[in-house]
Amino acid sequence: MFDFIISVVTIGGIYAIMTLGLNIQAGYSGLLNFGHIAFAGVGAYAVGITHLQGWPIALGLPIGVAAGVLLGWFVARLGKRLAADYWAIATLAVAEILRMIAVNEDWLTGGANGITMIPGLFETLARPWNAVAFMALIVGVVLLVAFFSARLGNGRFGRALRLMREQPALATCLGYNLQSLRTRAVMSSAAVTALAGGLYAHYFNYAGTEFMLAAETFVLWTMLMIGGIGRTAGVLLGVVLVQAVYAAVPFVKDMLNFSSDMAGALRMGMIGLILLVCLMWRREGLLPEKLREPA
Amino acid sequence: MSTNAILEVKNLAKAFAANKVLHHVNFEVKQGEIVGLLGPNGSGKSTLLNIISGFVGPDAGEIRLVGRSIAGMPTYRLVQEGMARTFQLPIMPQKMSVLEVAMAAATDAHGVFSTLFRTARDRAAERRALERARHLLDELLLTRVAHLPASAISGGQKKLLGIVCALMAEPRLLMLDEPTAGVHPNVRNDIVQALHRLNASGVTLVIVEHDMHFIRDACSRCIVLDQGEIVASCRPDELASNARVVQAYLGASVEVAKA
Amino acid sequence: MVQVDQVVAGYTRDVDILNGISLHAASQEIVTLLGPNGCGKSTLLKTIAGYLRPRKGRVQLAGKDVSALAVHQKIRHCSLGFVPQTENIFTALTVRENLLIGGYYQSSAQRQQRIEQLCALYPVLRRKIDAPAASLSGGERQILALGRALMPRPEILLLDEPSAGLSPKVLHEVFDAIVRVREQEGVTILMVEQNAMEAMRISDRAYILSLGTVALTGSTQELVTDPKVRELYMGGRV
Amino acid sequence: QEAIRIGAVLPLTGPSATIGEDMRRGLQLGVERVNANGGVMGKQLALIVEDSANNPTTALTAARKLATVDKVPVVLGEFSSSITLPVAQYLVKEGVVHMNIGSSSTKVRDLGDSAFNLIGLEDAGNRFAAQDVYAMGLRNVAVITPNNAYGQGVSHGFKEEFEKLGGKVAGQILYTGGQSSYRRELQQLARAKPDAYLYSSYGHEAAIINREAKELGLRSQPWYAYIMSMSVSDTPADIAEGQVGMELGASKGELGQAYAQAYNTAFKEGFASVFNGYAYDGVVLIGAAMNQAAGSSAADVQKGLKAVSEQGFTGVTGPIHFDAKGQRTDPPYDKLKLENGKLIPR
Amino acid sequence: MLQFFIDTLMRTSDLALVALGLSMLYGLVKFPNIAHVQYAMVGAFLAYWLYGLGLPLALALVVGAGLTGLITLLVQLLVFDRLLQSGPSIAMIGSLAVSMLLVAIVLGVAGSFPHMFVLPNMEPVLIGDARLSRAQLWMVLTTAVLLVVFLVLLFYTQAGRAMRALASNRALADASGLNASRITNVVTLLSGALAGLGGGMLAISGGAHVNLGHDMLLPVFAAAILGGLGNPIGAVAGAFLIALAETTVTNINFGPMLGESLVFLPASYIGAAAFLILLLALLFKPYGLFDKEVRRV
Ligand SMILES: Nc1ncnc2c1ncn2[C@@H]1O[C@H](COP(=O)(O)OP(=O)(O)OP(=O)(O)O)[C@@H](O)[C@H]1O
Ligand SMILES: Nc1ncnc2c1ncn2[C@@H]1O[C@H](COP(=O)(O)OP(=O)(O)OP(=O)(O)O)[C@@H](O)[C@H]1O
Ligand SMILES: [Mg+2]
Ligand SMILES: [Mg+2]
């Protein structure tokens with residue numbers, strides 16, 4: 001059980017980092033990124049490819065973050081003239097194209113098999129401690145990212161983003177360069193998310209294409225919306241809840257003695273139901289964004 | 001060309017499809033003036049403002065700000081050059097308080113790293129913005145609603161908030177699109193006062209307005225636009241005696257302009 | 001025609017914007033509401049139209065208590081017309097389509113005829129009849145909004161700042177047209193105005209609101225001639 | 001009396017759900033069989049099935065739960081190689097026995113000590129198919145397979161083996177799954193004028209491919225189905241009629257027939273794929289291994305499996321023997337054809 | 001060439017009805033309803049079930065579509081009306097939840113095995129040198145007829161105008177006496193029925209299976225977006241363009257250009273082609289290809 005909890009916390013932490021990243025775009029800047037998982041995918045594949053090519057594995061994470069930021073720059077450029085909904089689909093398109101490249105170009109990415117045997121971190125430590133150390137690392141990163149992202153949101157940059165989110169024409173007229181705001185927001189968010197993706201690859205010793213499916217982005221969105229978009233505490237709460245539900249489903253199934261031919265239906269149904277109940281009950285998320293009081 | 005012109009517009013033309021909104025618009029605004037920009041509905045005043053402030057590209061013509069050509073410059077660059085404007089129909093954000101919107105209008109020091117690490121520069125900018133925002137909100141009677149969501153204040157109050165935002169930038173040239181439409185008459189006087197004070201501190205103003213009282217109280221000169229052209233440029237009290245202006249713009253309200 | 005009794009209403013549960021307000025407008029009267037920004041004028045009109053439910057008190061139109069009716073029911077069945085202060089046109093439609101929607105329940109012949117009439121009343125509409133409404137200038141929008149509301153020949157018209165953004169000449173024309181509509185079609189008009197001077201010119205009575213209640217009321221004559229009223233509520237002019 | 005638990009991770013939702021469910025049925029029948037024969041060391045055998053949702057993260061979480069919370073000694077499954085590989089890697093690292101019953105990637109071979117494999121991997125399958133097709137006198141073949149790890153393996157591997165024999169692959173298409181029509185892919189293949197088509201596909205996708213191939217008149221050439229039972233499971237018999245193909249060795253012999261009977265009674269329909277047989281064999285084998293080693297720890301299972309394999313074990317998919325790496329030696333393949341609406345050996 | 005054209009049309013008709021409904025509803029409710037493709041899946045199962053009960057195929061499709069419309073309306077009333085009060089993004093995530101629930105229910109009831117329609121073997125029709133099945137011919141024709149009907153409905157009737165007015169400004173539609181909720185309900189019903197019909201027709205060739213909705217999610221959304229969300233006719237044109245792009249990728253032979261006999265773009269990039277087209281189109285027409293809306297500050 002102990003091991004399982006550690007792994008649930010670690011995975012939750014990785015998702016938390018990605019969701020905090022998404023929050024910088026979606027929450028603060030109102031940018032609907034439906035291809036967000038692509039940043040994580042780039043991070044994961046960077047680590048994987050570093051391993052495949054036999055480069056020092058320590059280079060994986062930095063390369064991943066750099067590649068993520070670059071992709072972020074590109075995606076933000078794409079949005080120069082696009083309205084929110086349209087940009088959302090454009091990002092989805094980019095993510096899908098990247099995924100297809102990952103599936104098809106097996107000389108680089110291992111093809112549909114993905115890249116296996118990626119070395120983990122802390123593997124020199126003894127059995128439970130390597131997992132504990134990894135969890136500690138992830139929790140540390142989550143706290144750091146949460147702290148900085150809250151700062152970003154409450155500070156002057158975040159305020160500019162929020163004005164852009166709600167009234168772009170007003171923001172322009174006040175002298176903000178929307179394109180630059182958007183680019184910087186997406187790039188910061190990409191950096192964080194690519195880092196999480198790289199850590200994912202190390203943790204699971206694996207980078208593959210299923211991880212880059214659009215459904216994964218929707219998981220991130222779910223976490224974001226349940227907790228409360230735009231608010232760091234809300235985001236974290238959302239991640240904890242969704243991750244708890246995901247982790248609990250197999251146990252609930254065992255507990256209620258559901259026959260295993262219903263296991264799949266039950267898993268989907270329960271997650272859908274809980275999500276729906278949450279949304280209906282607290283429509284703005286559990287911790288809705290508040291008006292910020294300038295200190 | 002006079003040397004102290006802050007804004008020069010030469011041969012400006014703009015058409016939307018077949019609709020020629022502006023053609024051969026020529027005028028200049030001198031440093032320290034308060035110019036009223038008048039004209040019938042649909043004569044292109046807002047379009048002119050949109051072009052000057054970089055929201056809409058002109059079809060032809062030249063615009064100079066303090067002698068520098070600004071054609072094709074994006075709005076945010078123009079704001080850095082000291083130009084600010086308000087909108088005719090203000091729409092305000094939902095999840096930001098009035099005070100926050102006002103503070104957001106101070107655009108300095110909003111870098112990612114500066115915000116992340118709360119540098120001294122960031123903190124100083126924040127303090128300055130807060131002080132100034134409080135002051136301006138107070139001046140335009142918005143203190144009572146400063147903590148409400150900016151979208152939940154009344155139409156007139158939004159208009160005032162728009163003006164506060166424009167002033168936050170400490171512009172050299174301020175263009176107001178119908179600042180008093182929907183604003184209570186008493187507040188109108190406050191606005192006039194505030195604009196005069198602003199003008200005294202060196203800000204040049206261009207005001208689009210339909211309220212002749214306001215024009216008379218506030219402006220030193222009027223430019224009248226009709227059918228895409230400038231048809232008059234004179235002192236406000238001379239408007240009533242200009243036949244073309246009366247025919248196109250004032251109509252039966254000519255009495256008001258005279259009064 | 002319009003009777004508002006002790007109405008309390010607001011947007012959020014805990015804040016009342018209207019604090020027990022009462023007023024009325026007799027048949028074919030033009031009544032103007034004046035008051036500082038944010039005192040609740042628009043809120044009052046929205047409550048009469050049905051966007052907000054009165055928490056206390058009631059709203060009567062033509063003698064019927066309509067406090068509980070939805071907006072579209074009032075518009076359709078109580079012969080009510082309403083022009084909101086902002087977002088008062090359908091930007092995705094053309095000018096003609098805006099008018100057609102205004103006359104949704106008329107027969108198509110009636111609609112054509114009415115559009116002709118309105119175009120004669122407001123020539124701008126004819127000039128822009130097939131333009132997308134989103135392209136209109138501020139003043140043009142205002143006229144279109146009025147035209148849309150007039151399409152079904154309402155008996156009661158609620159206007160929220162109809163003059164905002166109109167040039168002096170057009171403002172005059174619009175107000176004259178309002179008076180004419182009243183005379184020709186017998187409409188009762190309740191309007192909010194900041195342009196006190198012009199509004200007083202055409203209205204019979206006025207209410208001056210303050211913080212969700214009536215601070216002062218009287219005939220136009222009485223109010224305009226009272227110097228204190230002019231000083232306090234009309235910017236010291238008129 | 002506590003039951004002895006074993007685990008499985010299967011795609012019960014998502015694009016491979018059909019096969020996941022088919023495998024689950026095999027496992028279920030296997031457990032029933034073992035328990036009917038007296039269980040494991042006098043105890044009941046219990047199976048915990050977790051859904052992978054066709055997602056590696058979910059699959060790994062499920063495997064973690066099985067390994068660390070339920071503490072099962074052995075986990076069977078997944079189906080997609082891209083999920084089986086990370087899951088198996090994790091299990092081996094934890095010292096849990098992994099039994100592969102669905103993935104054919106050759107990487108399965110190198111997973112480690114506690115990894116076992118029951119099915120023929122793609123290299124063997126490709127060699128078998130290439131020889132079979134070549135023996136049928138076909139020299140110029142077009143190949144259409146899904147664009148995933150499995151399809152890529154078949155497509156590339158078959159070409160290699162077939163060309164080694166001297167045949168030619170006229171065209172290869174890796175189609176994107178989940179589309180409503182594959183006419184365009186088929187027509188592209190037809191432009192290469194092959195003298196036969198080799199395809200492999202999942203149930204309903206194959207149904208579309210077969211129907212459209214018929215509509216487009218491509219069935220005038222022979223069609224060869226790779227893993228035939230899976231490929232024709234959802235195609236109306238009159239459309240697939242006359243196809244030939246190969247198959248991972250399906251249930252056969254008396255044992256196999258009894259099993260097919262049991263499957264039919266339990267689920268009121270025939271096999272949806274061959275994988276249920278391997279799943280069934282996996283469970284029965286594990287039961288035997290536990291009894292053999294007289295213990296139910298992972299180490300016992302590992303030891304037991306080796307021992308049972310040495311003694312010789314016959315499952316519904318034929319005799320099972322593991323090599324030193326835990327791989328089934330000489331995994332069975334069958335040659336089949338569809339005649340009068342029935343799959344029969346040829 | 002004829003075959004190329006027919007392939008394109010057929011793929012178009014696979015996507016068009018669902019995309020049309022999606023886009024139409026988007027116009028009113030202003031959020032991309034992810035569950036919309038699942039309505040198609042539900043429609044497929046209903047049609048299969050009704051056909052199994054012995055209804056003639058056409059009737060089964062129509063009744064199935066009607067029932068799907070009712071289900072759609074029910075979900076709209078119970079769930080989305082409430083969620084929409086707090087904005088489009090909440091509603092969108094809600095639609096994701098609904099989508100999962102629908103899949104779970106169908107999975108629980110009908111299982112994961114595809115259900116194939118047992119149809120009499122139909123000989124393909126020959127049009128010129130192009131071949132297609134009778135069912136598909138009917139599908140293309142039905143789609144075309146429905147499209148024309150909707151075009152007329154939307155742009156030439158007072159009801160269509162009311163719908164667009166509602167989409168543009170709900171509060172003002174109220175102030176014009178339109179019964180906003182009733183119009184929304186009718187449109188919801190229609191869009192659900194369209195999705196149901198689309199799904200049912202798809203199932204005729206590919207069977208009714210739980211992933212039917214999920215599989216068409218991306219292309220349908222790409223089509224709706226390409227045509228401009230909220231513009232139903234655009235959605236159909238978008239579907240056509242996507243189909244065209246896909247067909248081009250698979251069927252244009254670049255061989256002659258390169259001096260070889262047969263050179264195709266890899267078919268595995270077929271999805272990428274659709275998305276690439278989408279990206280390019282959006283870059284040049286940021287609000288979809290058929291956007292005519294005037295935006296001014
Ligand atoms: N984006 C656009 N597309 C098409 N036509 C436009 C656009 N913007 C403005 N117009 C047209 O240009 C003309 C001038 O509009 P503008 O808003 O500049 O007028 P204005 O002088 O500000 O009038 P008002 O006093 O009523 O606000 C109007 O007839 C309007 O319909
Ligand atoms: N949508 C809303 N939600 C919450 N509060 C609102 C909303 N709209 C207005 N208010 C509040 O109600 C008060 C009255 O607003 P209202 O619009 O009725 O003012 P008004 O008298 O029409 O002012 P103006 O002349 O500026 O249009 C405002 O102070 C505002 O704070
Ligand atoms: Mg204007
Ligand atoms: Mg108001």
Side-chain angles (χ1 to χ4, degrees), chain A residues 1-8 10-12 14-15 44 100 103-104 106 110-118 120 123 127-128 130-131 200-201 203-211 213 215-216 219 243 246-251 253-254 258-269 271, chain D residues 8 10-14 17 20-21 24-25 27-28 47-71 80-90 93-95 103 105-107 110-111 146-153 156 174 176 267:
Chain A
M1 197 69 203
F2 176 66
D3 284 348
F4 186 70
I5 290 174
I6 287 184
S7 97
V8 168
T10 311
I11 297 173
I14 293 175
Y15 274 98
M100 285 176 207
V103 174
N104 288 319
D106 51 358
N113 269 322
I115 301 172
T116 46
M117 312 278 184
I118 297 173
E123 278 187 339
R127 251 274 273 134
N130 53 358
Y200 174 97
Y203 185 63
F204 286 121
N205 313 108
Y206 173 68
T209 54
E210 275 91 357
F211 174 59
L213 284 171
E216 287 289 304
V219 172
Q243 180 63 16
Y246 269 82
V249 165
F251 293 98
K253 176 206 69 189
D254 290 352
F258 270 94
S259 70
S260 50
D261 56 341
M262 292 292 274
L266 182 80
R267 203 183 128 274
M268 278 203 118
I271 291 169
Chain D
L10 297 176
L12 297 175
T13 53
E21 170 62 15
R24 194 200 60 73
R25 292 176 175 186
L27 295 177
Q28 182 187 327
L47 172 73
I48 306 175
V49 179
E50 300 294 345
D51 182 18
S52 74
N54 198 45
N55 173 310
T57 315
T58 313
L60 274 160
T61 307
R64 268 205 167 78
K65 180 218 168 220
L66 291 173
T68 64
V69 182
D70 300 321
K71 300 211 186 320
S80 310
S81 308
S82 52
I83 294 176
T84 307
L85 289 175
V87 164
Q89 236 178 81
Y90 161 77
K93 209 164 67 183
E94 292 292 312
S103 298
S105 164
T106 46
K107 288 192 182 151
D110 311 315
L111 282 169
N147 190 19
N148 57 22
Y150 164 72
Q152 288 178 357
H156 299 159
L174 292 168
T176 304
F267 307 110

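Scope of the values below: all heavy atoms of this structure, side chains included, with no hydrogens, waters or symmetry mates. Here is how names work: the chains are called A, B, and so on, in the same order as the sequence lines, proteins then strands, and each is numbered from 1.
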When rounded to the nearest 0.5 Å, the distance separating CG of A/Asp3 from NZ of D/Lys71 is 6.5 Å

Please check: side-chain N/O of A/Lys253 versus main-chain N/O of D/Val49, any donor-acceptor pairing under 3.5 Å?
yes

Ranking A/Phe211, A/Phe2, A/Tyr200 by heavy-atom pairs under 4.5 Å to chain D gives rank one to A/Tyr200

Under 4.5 Å to a heavy atom of chain D? For A/Ala265 that would be backbone

Heavy-atom nearest pair, D/Asn54 first then A/Glu210, reads O-CG, 3.5 Å

The interface call for D/Ser103 against chain A, heavy-atom contacts under 4.5 Å, is neither

What one should report as the nearest heavy-atom pair of A/Asp254 and D/Lys65 is OD2-NZ, 2.5 Å

Most contact-rich option vs chain D, by heavy-atom pairs under 4.5 angstrom, among A/Thr209, A/Leu266, A/Asn104, is A/Asn104

If one checks every heavy atom of D/Ile48 against chain A at 4.5 Å, the contacting part turns out to be side chain

Okay, A/Met100 and chain D: the region with an atom under 4.5 Å from a heavy atom over there is neither

Under 4.5 Å to a heavy atom of chain A? For D/Arg64 that would be both

Distance col, row D/Lys93:NZ vs A/Asn205:CG, nearest 0.5 angstrom, shows 4.0 Å

Among D/Leu12, D/Asn55, D/Thr57, the residue with the most heavy-atom pairs under 4.5 Å to chain A is D/Thr57

Should A/Asp106 and D/His156 be marked as a side-chain contact (heavy atoms from CB on, under 4.5 Å) after you check the CA-CA gap, both sets of side-chain angles, and the distance that decides it? CA-CA 12 Å; A/Asp106 51 358; D/His156 299 159; 3.9 Å; yes

Greatest number of non-hydrogen atom pairs under 4.5 angstrom with chain A, of D/Thr68, D/Thr61, D/Leu27, falls to D/Thr68

query = If only atom types and distance count, is the side chain of D/Gln152 paired as donor or acceptor with the main-chain N or O of A/Asn113 below 3.5 Å?
reply = no

Are any side-chain N or O atoms of A/Tyr206 and backbone N or O atoms of D/Ser82, one a donor and one an acceptor, separated by less than 3.5 Å? yes

Note: vs chain A, highest number of non-hydrogen pairs under 4.5 angstrom among D/Leu85, D/Asn147, D/Leu66 is D/Asn147

One should read off an interatomic distance between A/Met268 CE and D/Thr13 OG1, to the nearest 0.5 angstrom, of 5.5 Å

